[in-house]
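We name chains A, B, ... by the order of the sequence lines, and we start the count at 1 in each one. The structure presented is a predicted model; accordingly, all values stated were derived computationally and were not measured.
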Amino acid sequence: MPRYNPATIEPKWQAFWDEHQTFASPRLPEGEKMYVLDMFPYPSGDGLHVGHPEGYTATDIVCRAARMQGKSVVHPMGFDAFGLPAEEHAIKTGEHPRVQTEQNIATFRRQLKMLGFSFDWSRELATTDVEYFHWTQWIFLKLYDTWFDDDQQKGRPINELPIPKEVSADGKDAIREYQDDHRLAYQSEAPVNWCPALGTVLANEEVIHGKSERGNHPVERRALRQWMLRITAYASRLEDDLESLDWPEGVKALQRNWIGRSTGAEVDFFLATDDTSNDNWRDSRAKIGFPRKPGDQVLRVYTTRPDTLFGATYMVIAPEHPLVEQLTTSENAEAVKTYCDLAAAKSDLDRTELAKEKTGVFTGSFATNPVNGERIPIWIADYVLVSYGTGAIMAVPAHDERDFEFAKQFNIPIQPVVAPGDSTSEEERSAILAGEQVFAGHGTAINSGDFNGLATADFKEKITAWLTDQGLGRQAINYKLRDWLFSRQRFWGEPFPILHELDDAGEKTGRVQAVDIADLPVDLPHLDDFKPHGRPEPPLDKAPDEWLYPVIDGVRYKRETNTMPQWAGSCWYYLRFLDPTNTEALVDPEIEKAWMPIDLYVGGAEHAVLHLLYARFWHKVLFDRGVISTPEPFQKLVNQGMILGSNNEKMSKSRGNVVNPDEVVKEYGADSLRLYEMFMGPLEQTKPWNMEGVNGVYGFLNRVWRMILDENSEPIALNPTISDALPTEEQNRILHKTIKAVTGDIAKLSFNTAIARMMEFTNFYTKQESRPRDAMQQFVLLLSPFAPHMAEELWQAMGYEKSLAKEAWPAYDEAMLVESEIEIPVQFKGKVRTKIKIPAEANKNQIEALALADARVKELLAGKEILKTIVVPGRLVNFVVKG
RNA sequence: GCCGGAGUGGCGGAAUUGGCAGACGCGCUGGAUUCAAAAUCCAGUGGGCUUCGGCCCGUGGGGGUUCAAGUCCCCCCUCCGGUACCA
C-alpha cells in the first residue's frame with residue numbers, strides 16, 4: 001500500500017457514498033430518531049469559508065456516530081438563496097439573479113461534497129425553488145388568515161374572530177376592516193427605515209446605529225405602506241417557552257432582552273384642570289372603571305414605577321403622539337410645530353446616539369395627577385418614543401435618570417418620594433432627599449400620603465390595586481419587541497400572494513384579496529432589467545401587465561409588488577427537509593410528527609435573535625393552526641464560535657487573512673481540514689486559524705495510517721506488527737479508555753478532547769511491537785466520524801467490503817479500565833513532596849499505612865509532628881505537619 | 001450604562017466540578033537517519049534558584065474560606081459579543 005494520499009481516497013469514498021446512497025434517511029424514522037440540522041448557508045459568490053465547515057463537521061460527527069449507535073438520523077442541507085448580492089449582480093449585468101444563484105449553489109454543493117459530510121442530498125432544497133416558495137407563500141396566507149385570541153393566547157382562523165355589534169352594524173366593509181386590523185399579516189402606513197442607497201426599507205433589526213447593517217448606508221424615516229407581521233401578539237409565549245429549550249443561557253438572555261417584557265401600570269391623567277370637572281370625572285371613573293381606549297379627555301401613560309406617582313412633576317408625550325395638536329395652546333403652537341417637524345426629520349441616529357442633551361417644548365397644557373390632584377405641565381420631548389407603551393409618560397425626575405436630566409435642563413421641580421435603604425451613604429441620602437441626586441432603586445415611600453412607609457414592591461402592588469379599584473389605572477405589560485416589518489422593495493424575493501382590487505379608474509380601492517391557494521405559487525415575472533428606480537416603489541412595478549394586472553371574475557387587480565425579506569425562507573426550511581417533494585402539503589403531518597423537533601441545531605451566534613425568533617414565531621402560528629405538532633422547533637441549540645485569521649482578526653478579504661477550504665483540502669485533504677477544525681478548541685469558542693495546526697493533525701493521520709498499514713508495500717498490506725495475538729492488559733486498558741473517552745466526548749460535543757484521546761491511543765500503539773487486529777479495527781471505527789475517508793479506506797484494507805457507516809459503535813468494558821496498581825501523590829501541607837504506589841482498590845487505612853511505610857515519606861516526616869492526615873482513596877494522601 | 005461570555009506556558013488549548021496545573025497539538029532545543037534537505041524517529045521543553053538531593057514562585061489583580069483553590073466567596077482590572085433614552 002502506498003503512502004497516505006487523501007487526493008485519491010477522498011473522491012473515491014465520496015463517489016461510493018453517493019452511489020450507494022449511504023446517508024439517505026427513511027421517510028419515517030426506524031427506531032430512535034435524531035434530527036440534526038445545520039443553519040443552511042447563503043450561497044455567496046465567494047464560496048465556502050472555513051467558518052462554514054466548523055459547525056458542519058461537528059454535526060457530521062454527531063450524525064455518523066449516532067448512525068453507528070443504531071439511531072435513525074435525518075441530516076439535510078440546503079440553501080438560503082434569496083438575497084441582495086444576487087440582485088445587485090443582476091442590476092449590474094442584466095442577467096437574471098437566478099442564474100448567478102444557481103452557479104453559486106453549484107459551487108457550494110461541490111465544496112460541501114468535497115468535505116465528505118454525510119448529508120442526505122436527496123432532500124436538498126433552496127428557498128428560491130419555485131416549489132419551495134410556493135409553500136412560503138402558503139404560510140404567508142396562513143398568517144393572513146389568522147388572528148390572535150388574547151384570552152386563549154392562541155392564533156385562530158380569521159372567520160372565528162368575534163365581530164362587535166357596533167362594527168357589524170356598519171356593514172360589510174366595516175367588518176372587513178375590523179378583520180384586517182386583527183390579522184397576523186397586515187398593512188401599515190407607519191414610518192419605516194428607508195435606505196436610499198439600497199433602494200429599500202429595512203427592518204428595525206437591520207439598522208445598526210442609524211446605518212444599514214448591510215453596507216453601512218444612511219437610513220432615513222419615511223411613511224410607506226408596508227406589510228407587517230404581528231409577532232408582538234406572540235411575545236409572551238415566545239418568552240415563556242424559552243424555558244423549555246436546551247439552548248445556551250446567553251442566547252436565551254438575548255431573546256428575553258429583545259422581547260423586553262416589563263410589568264407596570266397604565267394610568268390616566270385627566271386633562272381638564274378645573275376642580276369640578278376633575279371630581280366629576282373621578283366619580284364617573286369609579287363607576288364605569290378603566291376604559292379600553294383612553295379617549296381625548298385623558299392622557300394615558302405607562303409606568304413600571306406606579307409607586308412614584310406622587311413624585312410626578314411633569315408629563316411628556318412623544319412628538320408623534322395623537323394628542324399633540326389638542327394639547328398645544330395657541331401661544332405655544334409655533335414652538336411646538338418647529339420642534340415636532342425637527343424631530344420628524346431626525347434620523348434614529350440623531351435621536352439617540354448624538355442626542356446626549358435632552359430637548360423638549362412645553363405644550364401650554366396641564367394634566368391632573370390622579371393620586372393627589374396636582375396640576376402638572378405637559379411637555380413634548382423626543383426622548384419619549386411613540387412606539388412604546390402609550391407614547392406618553394409621567395415624569396418622576398427624582399427617580400428616573402432621563403427625567404432628572406430633563407428636569408434639570410428645564411428647571412422643573414424635583415420631588416423625591418422614595419428614600420433609599422441603609423446601604424446608601426449619608427451624603428448620598430441627603431442629596432437624594434434634597435432632589436439633587438437621582439435615585440432609581442427600590443426603597444421606602446415618602447411624601448406619598450397614606451402610602452408613606454411602604455417598601456417599593458408593596459407600594460406598587462397596593463397602588464395598582466387602588467388605581468384599578470378607582471378606574472384610574474390597571475396593571476399592564478409592555479414589550480420592547482415591535483411588529484415585524486415584512487416587505488422589501490426588491491425583485492429577488494418571494495412575491496406576496498396578495499391582490500389589490502382596482503376601481504374603474506385603475507386606482508386601488510383599498511380592498512385586498514388573497515390569491516387562491518389553488519393558484520399558488522405566484523412566480524416572479526420576467527423583467528427586462530433589474531435596476532431600482534430610487535423611489536420606494538418596488539422593481540416589480542415594472543413587471544409586464546399580464547403579470548401585474550390579473551382579472552378575476554371580471555374584477556381587475558394589481559398584484560402586490562413588494563417581496564418578502566430573506567428571513568422568510570429560513571423560517572420554516574427545517575420542516576420542508578422532512579418532506580421536500582410533497583405537492584399536497586408543506587409537510588406530511590405523519591412525517592412531521594415522527595421527526596420533529598430538531599434534536600440538535602448548530603449555527604452562528606449572529607442568528608441568536610432574529611432568525612431564531614422569527615422561526616419560532618412562524619412555528620407557533622403553524623402549531624396553533626394545526627399544521628404541525630410541536631410548539632417549538634429547535635430543542636437543542638449550539639452556536640459554533642467564529643474562526644479568526646492567524647493574526648487573531650476577523651477573516652476578511654480586506655485584511656488578506658482569509659483561508660480558502662479548497663486550498664486546505666488540496667494540500668492536506670478533507671479529513672485533515674475536518675480534524676483540524678475540531679481540534680482547534682471548543683466548538684463554541686472563537687479561535688484563530690493556524691496552518692501549522694493543520695499540518696499537525698495531518699501528521700497524526702499519517703501516523704494512524706502507518707500504525708495500521710505497511711507504507712512500503714505496494715499491494716495493500718497491513719503493518720506487519722498487526723496480528724491476532726491476544727491484547728495485553730495494558731493494551732486493552734488503553735483501548736477501552738479511549739472508547740469510553742471518545743464516546744463521552746462526542747456526546748458532550750467536546751471534539752477537541754476526543755481527538756486528543758485518539759492521539760494518545762496512537763502514541764501508545766505505535767510503540768507496540770504487537771498490535772492486536774481487533775484494537776486497530778475498533779480504533780478505526782472511533783476515528784471514522786472525524787476522518788471518514790481514511791477510516792473507510794483502512795476498514796477496506798482490513799478486509800471489509802461494506803462501508804463502516806453502519807457498523808456497530810465500539811463498546812467499552814468498565815472492567816478493562818481498572819488498573820491494579822496506581823501512583824498517588826503524598827502531600828505535606830497541601831504540597832506534593834513525593835509519590836507512592838498503591839493497589840488501586842486500597843482503602844483509607846491501607847493507604848495511610850503504605851504512605852507511612854514509604855522510605856521517602858519517613859525521611860520527610862523525620863522530626864515533625866503529624867497533626868492530621870487526609871486520605872482520599874485513589875487520589876492522594878496529605879499530611880498536615882508541624883515543625 | 002445594562003445584559004451575556006471569557007482571561008491558564010512562546011501559541012491553540014486540557015484539567016472527575018475542590019484533590020498531582022499545563023493532557024493533546026503547534027513551536028522551539030538537542031540527538032538519530034541523510035552527501036544534504038524534506039519527511040520520519042528518539043529525548044527535552046512554565047519561570048527562577050540549586051550543593052543536582054531538591055527548593056521557591058506560578059492559572060488577569062487584591063483579599064477570604066479550606067488539610068487542599070484554575071475550580072468556591074467578596075472587591076477590582078482587561079478583552080470579546082449583544083444592546084442602548086423601551087418610562
*Between A/I870 and A/G260, just flag the one whose closest nucleotide in RNA chain B comes earlier from the 5' side.*
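Looking at RNA chain B, the more 5' nearest nucleotide goes with A/I870.
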*Toward the 5' end of RNA chain B, which comes first, A/S387 or A/A253, by nearest nucleotide?*
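Between the two, 5'-proximity favours A/A253.
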*Nearest-angstrom distance, P atom, B/U8 to B/C56*: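 About 26 Å, rounded to a whole number of Å.
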Does [N] have a Watson-Crick or wobble mate here (both distances under 3.5 Å), and if so which one?
N	result
B/U33	none
B/G10	B/C26
B/C79	B/G5
B/C72	B/G64
B/G46	B/C57

Quick test of your reading of the model: are [X] and [Y] salt-bridged, counting only N-O distances below 4.0 Å?
X	Y	result
A/E760	A/K737	no
A/E405	A/K408	no
A/E54	A/K687	yes
A/D307	A/K460	no
A/R856	A/D854	no

*asked:* Does the structure place the NZ or CZ of A/R616 under 6.0 Å from the centre of the six-membered ring of A/W258, at an angle of no more than 45° from the ring's axis?
replied: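 The answer is no; the distance or angle limit is not met.
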*Where the chi angle of B/G53 falls, syn if within 90° of 0 and anti if not*: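 This nucleotide is in syn.
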*Under a 90° cut-off about 0 for the syn range, is B/G46 syn or anti?*
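Nucleotide B/G46 adopts anti.
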Out of [options], which has the shortest distance to the side chain of [X]?
X	options	result
A/M759	B/G25, B/G82, B/A87	B/G25
A/P682	B/G13, B/G25, B/A23	B/G13
A/K831	B/G12, B/C57, B/C20	B/C57
A/K687	B/C20, B/C24, B/G13	B/G13
A/N690	B/A14, B/G82, B/C26	B/C26

*Would you confirm whether the ring centroid of A/F406 sits within less than 6.0 angstrom of the ring centroid of A/Y383?*
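Centroid separation for A/Y383 and A/F406: below 6.0 Å.
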What contact category does [X] fall into here, base, sugar-phosphate, or nothing, at under 4.0 angstrom with non-hydrogen atoms?
X	value
A/R706	sugar-phosphate
A/E401	nothing
A/N878	base
A/T869	nothing
A/N702	nothing
A/P248	nothing
A/I393	base
A/G696	sugar-phosphate
A/R703	sugar-phosphate
A/V872	base
A/E606	nothing

_So, OP1 or OP2 of B/C67: does either fall under 4.0 Å of a side-chain N or O from A/K868?_
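Result: yes.
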*Examine the base of B/A23 for any acceptor or donor lying under 3.5 Å from a partner atom in the side chain of A/R757, and report the outcome as yes or no.*
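Yes.
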